[in-house]
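Input: a single structure, listed below in structure tokens.
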Amino acid sequence: MIGRERQSAIYLQGVGGRTPRVPLDPERLEAAARRAMRADAFAYVAAGAGTEDTVRENRAAFARHRIVPRMLRGVERPDASVELFGRRLASPFLLAPVGVLELAHREADVAVARAARRVGVPMIFSNQASRPMEECAQALGDSPRWFQLYWSTSNELVESFVARAEHCGCEAIVLTLDTTIVGWRPRDLEPAFLPFLRGQGIAQYTSDPVFRRLMTEGGAGAGSPQPPPTPQALRTLIQLTRAYPGSFLRTLASGHGRAAVQRFVEIFSRPSLSWRDLPFLRERTKLPIVLKGILHADDARRALDAGVDGIVVSNHGGRQVDGAIATLDALPRVAAAVDGRLPVLLDSGVRGGADAFKALALGAAAVLIGRPYVYGLAVAGEAGVAEVVDNLRAELDLTMALAGCATRAEIGPDALERVG
Ligand SMILES: Cc1cc2nc3c(=O)[nH]c(=O)nc-3n(C[C@H](O)[C@H](O)[C@H](O)COP(=O)(O)O)c2cc1C
């Protein structure tokens with residue numbers, strides 16, 4: 001039982017006077033990450049849209065759903081495994097795509113890839129990663145990985161990203177629908193901090209042959225407003241020149257650092273994206289396509305009609321629409337609309353194994369871990385990510401055992417009661 005093994009390992013360390021380096025309580029974990037990170041970087045990760053009502057609501061929805069444990073069911077070894085797109089996973093956790101991980105740790109996505117390999121959970125490469133997917137693919141060995149796509153205004157770039165993802169052994173393409181533009185985030189607006197403008201989180205682009213061609217074609221950013229020439233602007237220029245692959249001096253001379261950022265801003269996303277665009281992607285990859293950001297049952301039905309292979313019920317961790325419905329509240333209707341024809345995953349607000357149990361009970365096939373693993377990364381790098389995942393898996397295992405559920409099939413809506 002992985003839950004008891006993990007518990008015993010921690011308590012045994014305590015006998016020798018050692019306590020876990022990575023806090024287990026989600027709030028203390030967040031506080032530890034805040035201490036480890038620069039203030040603007042932490043704010044970027046923690047931020048939600050507007051008043052951050054949806055960030056709180058995601059958690060409140062978990063609190064409204066109470067587990068009703070059943071007794072004397074003789075559960076010795078709970079089995080939480082799940083099969084997704086032909087691969088059996090020992091636990092129903094995946095690492096959500098999170099951009100700009102260099103804000104948390106110097107080794108960024110590569111440290112996460114190593115941790116994912118160590119604990120055997122799939123990693124979803126972010127379109128806004130700090131390291132190119134090829135580097136992470138190498139660090140992952142045979143461990144599973146998916147690729148998350150933001151649909152650029154350039155279809156050629158979309159094709160290139162998808163082809164690279166296939167080449168990197170990705171087993172699914174996750175198309176994120178809820179971020180055709182960045183939400184209104186006061187915590188980032190107050191310090192006027194958007195990492196992409198400093199050349200952070202654009203490694204998938206600067207490593208891409210199509211992007212590099214687009215960057216030099218047609219005068220990237222011609223006529224776009226320039227920042228005022230202040231010492232900070234100079235520091236930023238140095239930062240984004242350094243972020244560009246290759247020699248610093250050559251990049252400075254060529255102006256490629258700034259051109260990359262300008263071109264990125266121009267082609268990052270396509271607000272006009274609609275259901276009509278999906279066939280383009282369907283025709284270009286045989287990989288399963290998973291739509292991330294679905295919250296309405298009608299959209300789930302359209303996803304089925306569009307022939308996609310999976311859905312992630314997500315509100316982007318409350319970062320996009322302030323006041324948006326909590327994902328756990330949206331899940332039952334989406335699951336009912338899909339009626340078992342597609343796997344439905346969930347993220348936003350999952351902070352413990354018991355939260356995962358609740359999501360499974362309401363119809364999720366698996367859950368994505370977001371901020372908690374980023375905080376683990378900030379506190380202790382690769383080891384920190386692995387510990388966060390191990391703790392979640394252990395807690396789910398113990399929750400299943402203590403709630404009297406030996407298998408996934410036994411975790412149904414009747415294991416929960418909604419209060420309030
Ligand atoms: C700092 C940060 C960056 C993110 N970047 C991406 C991204 O590049 N692509 C994406 O699809 N989702 C992104 N997300 C959303 C996550 O994939 C996930 O939906 C969210 O973190 C889940 O909420 P939680 O953090 O409350 O668990 C990001 C989230 C955070 C906190």
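Indexing begins at 1, ligand by ligand and atom by atom, following the structure's order. Since the structure is predicted, the reported quantities are computational estimates derived from the model, not experimental observations.
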By the definition side chain to side chain contact (heavy atoms under 4.5 Å, CB included), identify the one residue from V385, L368, L392 that meets it with Y373.
V385
Salt bridge (Lys or Arg N to Asp or Glu O under 4.0 Å) partners of residues 403-419, not counting sequence neighbours, each pair once:
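Sorted result for residues 403-419: D329-R418.
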What pairs meet the salt bridge (Lys or Arg N to Asp or Glu O under 4.0 Å) rule with one or both residues in residues 305-324, with sequence neighbours excluded?
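Applying salt bridge (Lys or Arg N to Asp or Glu O under 4.0 Å) to every pair that reaches into residues 305-324, excluding sequence neighbours, yields R282-D309.
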List by chain and number: which residues place a heavy atom under 4.0 Å from ligand 1?
Y44, V45, A96, P97, V98, G99, S126, Q128, Q148, Y150, T176, K292, S314, H316, G317, R319, D347, S348, G349, R351, G370, R371
Is there a side chain to side chain donor-acceptor pair (under 3.5 Å) between N315 and T54 once you walk through the steps?
CA-CA 8 Å; N315 56 32; T54 295; 5.4 Å; no
Value for OH (Y375) from CZ (R351), rounded to nearest 0.5 Å, stands at 7.0 Å
Among residues at least two apart in sequence or on other chains, which ones pass ring-ring contact (aromatic ring centres under 6.0 Å, His included) with H256?
Y244
